[in-house]
Amino acid sequence: MAMAPIDLAVFHDNGYIRKQCRVTDLWFWTADHARETCGDTSEDEYTFIGNPLISGYDMRGKELKDAMREAFLGFFEAKEHTRIDPYPILARWRDDIHLTIASIADFQPHVTSGMVEPPANPLTISQPCIRLTDVDAVGRSGRHLTTFEMMAHHVFNRPDEGRMYYWMEECVQYCHEMFTQTFGIDANEITYVENPWCGGGNAGPAVEVIVGGLELATLVFMNLEEDENGDVEIKGDKYSEMPLQIIDTGYGLERFCWAAAGTPTIYEAIYPETVAWLKELAGFDGITKQWPDLDLDKILGEMSRLNGIMNIEAGVDGQQLRNIFIAKLSERGIAITSEQFTAITDPLARIYAIPDHLHALCNMLGDGLVPSNAKAGYLARMLARRTLRMRDELGIDVSLSDLAHHHIEVNLGGKIMKQTHDGIGTILDLEEEKYAEMLRKGEQVIKTMLSEVDSNISEMADELLFSLNDSHGIAPEMAISLAQKSGWEAMTLRTGFTAELAERHAKMAKEAAKEVAKSTIVSDLDNLPATNSLYYDDVYQSQFDASVLHCTEVQSDDLPAEVTHGVVLDRTCFYPEGGGQEADFGTLSTDSVHCRVLDTRKIGEHIVHFTDSALSNGDVVRGSVDWNRRKQLMDHHTSVHIVGGAARRILGPHIYQAGANKSEESARLDITHYNRLSRQDLDEIEKMANQVIVQVNKTEKTILNRKDADRKHGFDLYQGGAPKGDTIRVLRISDHDIQACGGTHHDEPGQIGSIRIVRSTAVQDGVERLHIVAGQAALDYAREQDGLLRQTGEVFGVNINDVPRTAERFFTEWKDQRKRIEQLEAEIVRLRTSGGDDSSFTKDGVRIVIMESDGGLKNMSKMLKELTLDETKPTLAILGSRDGGGKLMVATTENSIASERYNSVEILKSIIPHISGGGGGRPTFAQGGGSNPEGLQDSFEAAKSLLEL
RNA sequence: GGGCGCUUAGCUCAGUUGGAAGAGCGUCUGGUUUGCAACCAGAAGGCCGGGGGUUCAAAUCCCCCAGUGUCCA
């Protein structure tokens, strides 16, 4: 069965009829009975440019967005929807995406799966979103944005529980009423296109709402889930109806603004002040004044219209695209040359893209993101670098942080965000420094790489361009322009190269996207009841009695070697590995069997104890947790929370946990920060952490459902990663740190004793790792350090206080002496080579020296240098040493009769067999080694007879 | 998470098929010169990131580790 037609009373009541689009074959509803296309086709041009479809909104920019948003949310509030505050732009409640890409993303995966109740129902929201897939089109197309607000009304229906709020009929009714009455849009301009939606295992009927050729909204009715036995088929996959039926709508706020403003591009509707400012800074008027006859608004309007109907494939060659546009503009009576077109559209595309990129960047940093070279941080860096590149191409001399401050003031109304405005400035200043450094290095690399290449060459080798882009961050266009600046003036970018680069990246990404399935160590647990975890009731309990529910043989490479069995009990005090905290060890005993627990893990709802011997189902066992280990793990875990809170207090609101590990020996906490940490930073954090131990008497542990936890504490709660269930355990250490955490923690922080931050290391750019020891481990660490120092002191024979000074003295003396030895060695070489001893012969004006020496090749080459460097004394020198397996070196004075007459390599090759070796080199300098030092004298004799001495 | 690159003098970096560790800047000394990156002569300054391997021979080739950069998801 395919999807049924969407046939609603609201259509009929408003005079709409159902037709099939001549171009796309999609079915659509229209009030204009003569219409043959659905509105969103290559034949439907924008009708609102210069002719707004929404009236009564004369303002522009932020004011326009605010008014539009308020009108939307107000409308749905009047229709009994609850207004919800927008979620952060960083999707920290999810582990599958970095950024919030749609309003429904706020409620995925747990609300949409039915596990967690929505914050309100029905609800309305305007959610800022970032999508970077079309980042290249931003500024060029007239309509693309990386950052936008998705206005929405969402409904989560549970027909199986008798909770049905509304469905298609009411949804479309609301939409139509708002469009025609609140915004006064002519019904003839609106088409409702039936276009089923599917994605991520769900599907449902959907309606696209097209106004004036622009898709203003999508209404999705998600009521199907993938099911191989399902009776509905969409695009080849089978689906069946699911218990939760969701209305997911999306109305593009910026598009509403554009339709109300009727400006040539969307950017002038939402960022007019910035566009004007950048035009002024870039001297854009100077460009257009050259051609007073060109009507800029008309050109841009036509460009947007053309972009709206042309489906431009990614990677189309720039020149080709330009020619298409020029031809099309000419058809429309606009005469423009290629030169004019480029001179106008290139800078404009940058002027338009900059405020868009700044908007995304400010929102991301404002949410506490730290730029990095991986994950979400990389996305921020990419936007920052794109912005900087475009700024430089425009020749604008304003720092990135000043651009951001302008943006925050003008387009965000000075909005207070999680990160301070100064913090954003600091981060962006650092980014700009890194960008400048990258450019400087890139220029150097290009010069080196091209140094052997003719300066008249017109194309750079593909491999060079790939390497510059992928390894050094220099985009192809930039590489060419740097090369031109460095003297390769004829250099141009091969047409189609950018497309090939993109293709190559896509291919690499595809290959990398292979997932390794994790095998389960223990299966067949489904029929057992969930294990009762006693460690949550009382973290200090270490002894317990329990019944064995299941015992099975196990074998796995990632378990300790002695493990033979996996045991499931009805209840346990053993904490399973999780949240970065390592598992408890201990024993399980009956009267007859005593087994060691060597690892504990949670598999589904069950806690599995991995033991070194078997137990029988039904056995009653006495469990005992290795308390020293557990206490140490708790010390470390609670310390990690305390240190995290202290770091946030001292370093700033962008400090977020990027990972953590708590073992018996030490703990690691990875935090997001834009700079390397100094020892002074660590000392301050350590000091505050130790104050918290003393000052906070009790930690608070509460269990909340997801909905309440989100509302009460926000998403900073999920430092340890996106939680999976509906129930959230919240650990609160006064106001110092509040986190969702399933680990075991002290009731009283004072039990930890003391915390020491050993050192910090860099995990990746933007992430700093703190190495922490606490409690007994802190004492052990101190003792160990003390021991090392004492040992060092004993070696020097001094008091430990004098160790640094003494070590320094020893080191300088050692260096001085090494230097002195070298000098003396050189002196010996001079003495040995200067004398007229019996190893020296003269033949036909060439001095021939055959001599045994001490030491290795290094010493010998020094002697050779002494012997053969003097051009007034042409010399052939043959040196041998018993070092190693025997060494031989042959050299002649360069540019002399010695080097004309004798070939060092040939001499070496003929005499080296006596020491059973091989070698080679240049005609004036050869060296080799062997394995028979006893043959050295034979080599010398062979040389003498070869040279007829 | 994956790919690629880099690590050599205090700094910025060269170093070709494995065969004698280099340049520029900076430092020091002497000379010349009373000037805004001055000139001349000379000197000092190197575990060529660490560890293993191949080889007669490794800055150079291979493997592991660390640090650092970059692109993509």
Side-chain angles (χ1 to χ4, degrees), chain A residues 95-99 132-133 135 371-376 378-379 381-382 385 434-435 437-445 447-449 451-452 463-476 501-516 659 676 761-766 769 811 814-816 818-819 822-823 856-869 877 879-881 883-892 894 904-905 908-909 911-933 935 939:
Chain A
D95 50 18
D96 53 341
I97 51 173
H98 297 307
L99 301 169
L132 295 172
T133 43
V135 68
S372 163
N373 55 10
K375 298 186 179 173
Y378 172 68
L379 302 176
R381 174 160 295 165
M382 181 192 78
R385 292 192 171 175
K434 290 189 180 191
Y435 171 79
E437 179 65 11
M438 187 189 82
L439 278 189
R440 192 192 60 75
K441 285 212 162 127
E443 203 166 342
Q444 195 65 42
V445 170
K447 276 184 189 164
T448 307
M449 285 178 165
S451 58
E452 305 275 310
E463 280 312 310
L464 185 52
L465 284 172
F466 282 132
S467 144
L468 280 169
N469 185 82
D470 288 3
S471 307
H472 301 98
I474 307 292
L501 182 72
E503 202 175 302
R504 183 171 156 137
H505 284 154
K507 208 168 150 192
M508 279 162 61
K510 211 172 172 184
E511 278 167 17
K514 50 174 192 241
E515 212 173 309
V516 187
R676 294 306 312 268
T761 52
V763 177
Q764 58 180 229
D765 199 20
R769 173 166 294 169
F811 184 66
W814 170 74
K815 268 181 106 170
D816 287 348
R818 202 181 52 169
K819 213 179 299 163
E822 263 175 37
Q823 285 166 359
L857 288 170
K858 201 166 182 180
N859 201 31
M860 288 162 73
S861 43
K862 253 187 217 161
M863 292 179 72
L864 277 181
K865 211 175 201 171
E866 284 290 332
L867 286 163
T868 60
L869 214 59
L879 294 187
S881 152
D883 190 64
K887 308 271 184 239
L888 275 172
M889 291 184 104
V890 182
T892 55
E894 286 188 35
S904 303
V905 178
L908 180 81
K909 296 251 186 207
I911 64 172
I912 197 118
H914 294 284
I915 59 165
S916 311
R922 302 191 309 266
T924 56
F925 188 93
Q927 54 186 288
S931 54
N932 175 30
S939 290

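In what follows, every chain begins at residue 1, and chains take the letters A, B, ... in the order their sequences are listed. Note that the coordinates shown come from a computational prediction; the quantities given were computed from them, not determined experimentally.
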Listed partners of A:Y435 passing ring pair (Phe, Tyr, Trp, His ring centres under 6.0 Å), at least two apart: none
Which residues share a salt bridge (Lys or Arg N to Asp or Glu O under 4.0 Å) with A:E503, sequence neighbours left out: none
Ignoring backbone atoms, test whether A:K375 places a side-chain nitrogen or oxygen under 4.0 Å from the OP1 or OP2 oxygen of B:rG1. yes
Taking Watson-Crick and G-U wobble contacts under 3.5 angstrom, with | marking pairs to another strand and [ ] crossing pairs, the secondary structure of RNA chain B is written (((((((..((((.....[..)))).(((((.......))))).....(((((..]....)))))))))))).
Mind checking salt bridge (Lys or Arg N to Asp or Glu O under 4.0 Å) for A:D765 and listing every partner two or more places apart, or none if nothing turns up? A:R381, A:K434
Applying side-chain hydrogen bond (donor to acceptor under 3.5 Å, both in side chains), can you list everything that pairs with A:Q764, at least two apart in sequence or on another chain? A:S372
Mind checking A:S916 for me? I need base, sugar-phosphate or nothing, with any heavy atom below 4.0 Å counting as a touch. nothing
Side-chain donor-acceptor contacts of residues 911-929 of chain A below 3.5 Å, not counting sequence neighbours, with atom names and distances?
none

When you get a sec, tell me which of B:rA20, B:rG69, B:rU68 is the closest nucleotide to the side chain of A:D765? B:rG69
First encountered from the 5' end of RNA chain B, between A:A891 and A:R385: A:A891
Same-atom distance (C1') from B:rC71 to B:rA14, integer angstrom: 26 Å
Counting just side-chain N and O atoms, does A:R676 come under 4.0 Å of either OP1 or OP2 of B:rG67? no
Any A:R922 side-chain N or O less than 4.0 Å from OP1/OP2 of B:rA20: yes
Please tell me which of A:K441 and A:G918 maps to the more 5' nucleotide of RNA chain B, matching each residue to the nucleotide holding its nearest heavy atom. A:K441
Taking CE from A:M449 and C1' from B:rC13, how many angstroms apart are they, rounded to a whole number? 14 Å
Below 4.0 angstrom from OP1 or OP2 of B:rG3, is there any side-chain N or O of A:R504? no
For B:rA14, take OP1 and OP2 only and decide whether either is under 4.0 Å from a side-chain N or O of A:T448. yes
